[in-house]
K.L.:
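Structure incoming, see below.
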Amino acid sequence: MVLIEARSLRVDRRLADVSLSLAQGEMLGVIGPNGSGKSTLLHSLAGLLKTEGDLRLEGECLRSMPARQRARRIGLMPQAAEVSWSLRVQDVVAMGRLPWLDQDSHAIRQAMTAAGVLELAGRKVDELSGGEQARVWLARVLAGQPCLLLADEPIAQLDLHYQCSVMDVLRDYAHRGHGVILAIHDLSLAARYCDSLCLLQAGRVRSQGRAQDVLEAPVLSDVFGIDIHVDLSFDPPIVVPK
Amino acid sequence: MARLTSPLFAILLAVVAVLSLYVGSSQVSPWVGLSDWLSGRETAEAMIIGDIRLPRTLLAMAVGAALGLSGAALQGLLRNPLADPGLIGASQGAALGAAAVFYFGLFPGAGHVAIALAGLAGAGLALLMMLVLAGSARPAMVIMAGLAISTLTGAALATVLNFAPNPYAMQELVFWLLGSVSERGLDHLTLLVPALLLGGLLVWQQRHLLAGLSLGEQVAESLGLSVNRGSRLVVLGVALLVGASVSVAGSIGFVGLLVPHLVRPLVGHRPDRILLPSALVGASLVCLADICVRLMPPGRELKLGVLTSVIGAPLFIWLVWRDAKRWY
């Protein structure tokens, strides 16, 4: 079943004629150089930007959907996370329930367990390490139990352990009947974890499909302006600059 | 503990309110006075409690609640612990409106509530100018526009003081600005209570927005909250609360700034859970401060606004020092 579908999506001069779709149970990685439109695409899919073109969530027009309904079905984990007050982890995670106007303790506990932050529940979030905070932001989105989870560079600034830990959680969430779209810079991890990829260049889709269709060395070298070595036969796959 | 905060503060407020009815220059039983006043008997007790202490107590509570709530809402909205209700220009607008009554005799038919009416009009005008100038509800723009309007109304007030027709008029205005809930009646409450209810309702309805904003505007929007519309409603609610309280009681310093700082650690720093306790603590503090004013030796009256500033400033310094220690 198609979860979200975008046709000829345009946003000012930042996105042009982007078309993509994501099926239930899949994880889609959006890749591309800085400024290629990854964050703009994710924010458009979250319904936060004025867009042109057709955008449908489970067949329903996303633009005509009330904000709260949309927020219940789409969760966004932004790139730049901030917290203004010295909030406890459990309170931050509970904010994921704001669209539902409840404090579903089962959903909150389940999200904290999935993200591995249950033991941090009573700690102040501003006293945690970057890796721990990233898992808290993820737990906050998971607590809303959205059918589509959008994560904007969720593993940026994380060490190798936390990168794999967050990617595992995202993939597991997708494979349990939801959908995940994430913007990601690490092409090796993208190849390893994502079911499909969408390569953006200057606001347009350069290629999309399975990893072996998208991660072609000549294409990547052209898009990123640097020679890139690709070996998808290796486990885990290797995509690194030469 | 967080769940018990509001009930405990409500009990504290009830105790302070009863204490406030007891304290005064005459020894009067508040229960006898209240009973006489309610049954329409014209006894001395009824007059002292019903016409003097009850309005004064209720006014102090309403003003404190308005200031505490507006401080909590504004700090949550602007995500800045230094945000003060005076920041959006409503206090200065109200003061200018009151000054206009002293000098130009506005609202002559309104009697002694003319000052409050003009203050409310001044606060409303200042708010309108601020919202037009700010253009959006972004924290930086609200702070800058509020500062600009505060400066403008402050300059206008200074001009009015400069050209005061006589020193008595100036003295009267300055004393009024120092803040007090004495010599006011229940008719002042008819101005303050609707503003408190409406402003409080506007702020309360946006409590989810205040919670969401603590994770940033982008997250708040993604949670289905309307940041622009909601922020404007919070600013409107705060202006109503502050404008009405300044109009009725003059300038009562530090309550709006300090109370949220006192309450925040008790509610886990959540901006949505701080609202009601802040209103209750604000009401208790102002009422308590007014009791202290009444306990001062007779002679020259210490103004309520002066006392809250004298107590509030060192307390605020202590809070800043305590927070600063966390970073050493």
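The sequence lines fix the lettering, A, B, ..., with proteins before strands; numbering per chain opens at 1.
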K.L.:
Examine whether an atom of B/Asp272 lies under 4.5 Å from a heavy atom of chain A, and if so say whether it belongs to the side chain, the backbone or both; otherwise answer neither.
P.N.:
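B/Asp272 has no heavy atom closer than 4.5 Å to chain A.
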K.L.:
Looking at A/Arg171, I'd like to know if its CZ atom is crowded, meaning that more than 12 non-hydrogen atoms belonging to other residues, nucleotides or ligands lie closer than 6.0 Å.
P.N.:
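Correct, the count exceeds 12.
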K.L.:
Counting heavy-atom pairs under 4.5 Å with chain A, which one of B/Pro271, B/Pro265, B/Ser222 comes out on top?
P.N.:
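If we count pairs closer than 4.5 Å to chain A, B/Ser222 comes out on top.
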K.L.:
Quick check: are there more than 12 heavy atoms from other residues, nucleotides or ligands sitting under 6.0 Å from CZ of A/Arg13?
P.N.:
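Check fails, neighbour count at 12 or below.
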K.L.:
Specify the closest pair of heavy atoms between A/Leu48 and B/Gln218, including all atoms of both residues, with the distance to one decimal.
P.N.:
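In terms of heavy atoms, the two residues are closest at CD1-O, 4.1 Å.
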K.L.:
What part of B/Leu213 gets within 4.5 angstrom of chain A, counting heavy atoms only: side chain, backbone, both, or neither?
P.N.:
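Contact with chain A is through the backbone of B/Leu213 alone.
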K.L.:
Within residues 201-211 of chain B, which residues come under 4.5 Å of chain A, heavy atom to heavy atom?
P.N.:
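Within residues 201-211 of chain B, the residues under 4.5 Å from chain A are B/His208, B/Ala211.
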K.L.:
Looking at every heavy atom in both B/Gly216 and A/Glu82, which two are closest together, and how far apart are they?
P.N.:
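Closest heavy-atom pair between B/Gly216 and A/Glu82: CA-CD, 3.6 Å.
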K.L.:
Highest number of heavy-atom pairs under 4.5 Å with chain A: which of B/Pro81, B/Gly212, B/Ser226?
P.N.:
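Of B/Pro81, B/Gly212, B/Ser226, B/Pro81 has the most heavy-atom pairs under 4.5 Å with chain A.
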K.L.:
Please flag which part of A/Arg140 lies under 4.5 Å from any non-hydrogen atom of chain B: side chain, backbone, both or neither.
P.N.:
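The side chain, not the backbone.
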K.L.:
For chain B, which of A/Leu76, A/Leu98, A/Val92 has the most heavy-atom pairs under 4.5 Å?
P.N.:
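Sorted descending by pairs with chain B, the first entry is A/Leu98.
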K.L.:
Can you say whether A/Leu87 sits under 4.5 Å from chain B via the side chain, the backbone, both, or neither, judging by heavy atoms?
P.N.:
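Both the backbone and the side chain of A/Leu87 come within 4.5 Å of chain B.
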K.L.:
Checking heavy atoms, do the side chain of A/Ile74, its backbone, both or neither come under 4.5 Å from chain B?
P.N.:
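Interface part for A/Ile74: backbone (N, CA, C, O).
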K.L.:
A/Gln69, A/Arg68, A/Arg70: which one forms the most heavy-atom pairs within less than 4.5 Å of chain B?
P.N.:
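If we count pairs closer than 4.5 Å to chain B, A/Arg70 comes out on top.
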K.L.:
Report the distance from atom CZ of B/Arg270 to atom CE of A/Met95, rounding to the nearest 0.5 Å.
P.N.:
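Rounded to the nearest 0.5 Å, the CZ-CE separation comes out at 5.0 Å.
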K.L.:
Heavy-atom count check: over 12 atoms from other residues, nucleotides or ligands less than 6.0 Å from A/Arg7 CZ?
P.N.:
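Not buried by this count: 12 neighbours or fewer within 6.0 Å.
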K.L.:
Between A/Trp85 and B/His269, which heavy-atom pair has the shortest distance, and what is it?
P.N.:
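In this case the closest contact between A/Trp85 and B/His269 is CB-O, 3.6 Å.
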